[in-house]
Amino acid sequence: MPKKERKRLQVVISEEQDALLTRTAYELSSPERLISKSEVVRLAIEKIARELGDGEHIDEYRTLLENEEVADDQP
């Protein structure tokens with residue numbers, strides 16, 4: 001059976017954001033299952049997309065994206 005194809009995305013994150021990812025992955029992990037930082041990112045993407053689809057938290061996310069530490073520096 002062929003391996004499922006996935007798209008790869010590379011992003012630059014701050015040390016603080018990396019620490020948040022590490023801590024979140026650690027907190028979500030259990031002795032039976034270790035959660036990777038990539039899985040945390042995929043979970044966050046799905047959660048945000050669902051909330052936006054339901055019309056929830058749009059203004060909150062826009063405000064977060066205006067923050068220099070979160071916003072993309074590229075045009």
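Position 1 is the first residue of the sequence; numbering continues from there. Only this structure's heavy atoms are used, side chains among them; waters, hydrogens and symmetry mates stay out.
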Just checking, is any N or O donor in the side chain of Ser14 or Glu16 under 3.5 Å from an acceptor N or O on the other one?
no

Do Thr63 and Glu66 get their side chains close enough for a donor-acceptor pair, meaning under 3.5 Å?
no

To the nearest 0.5 Å, what is the distance between [atom1] on [X] and [atom2] on [Y]?
X     : Y     : atom1 : atom2 : answer
Leu34 : Tyr26 : CG    : OH    : 10.5 Å
Arg50 : Asp54 : CZ    : CG    : 9.0 Å
His57 : Asp59 : NE2   : CG    : 11.0 Å
Leu65 : Arg62 : CG    : CZ    : 9.5 Å

Can you name the nearest heavy-atom pair linking [X] to [Y], along with the distance?
X     : Y     : answer
Leu52 : Ile58 : CD2-CG1, 3.5 Å
Leu21 : Val40 : CD2-CG1, 3.7 Å
Ser29 : Ile35 : OG-N, 2.7 Å

For residues [X] and [Y], determine if any side-chain heavy atom of one lies less than 4.5 Å from a side-chain heavy atom of the other.
X     : Y     : answer
Glu46 : Glu51 : no
Arg42 : Arg6  : yes
Leu43 : Leu28 : yes

Kindly work out whether a path of hydrophobic side-chain contacts (I/L/V/M/F/W/Y, heavy atoms less than 4.5 Å apart) joins Val41 to Ile48.
no

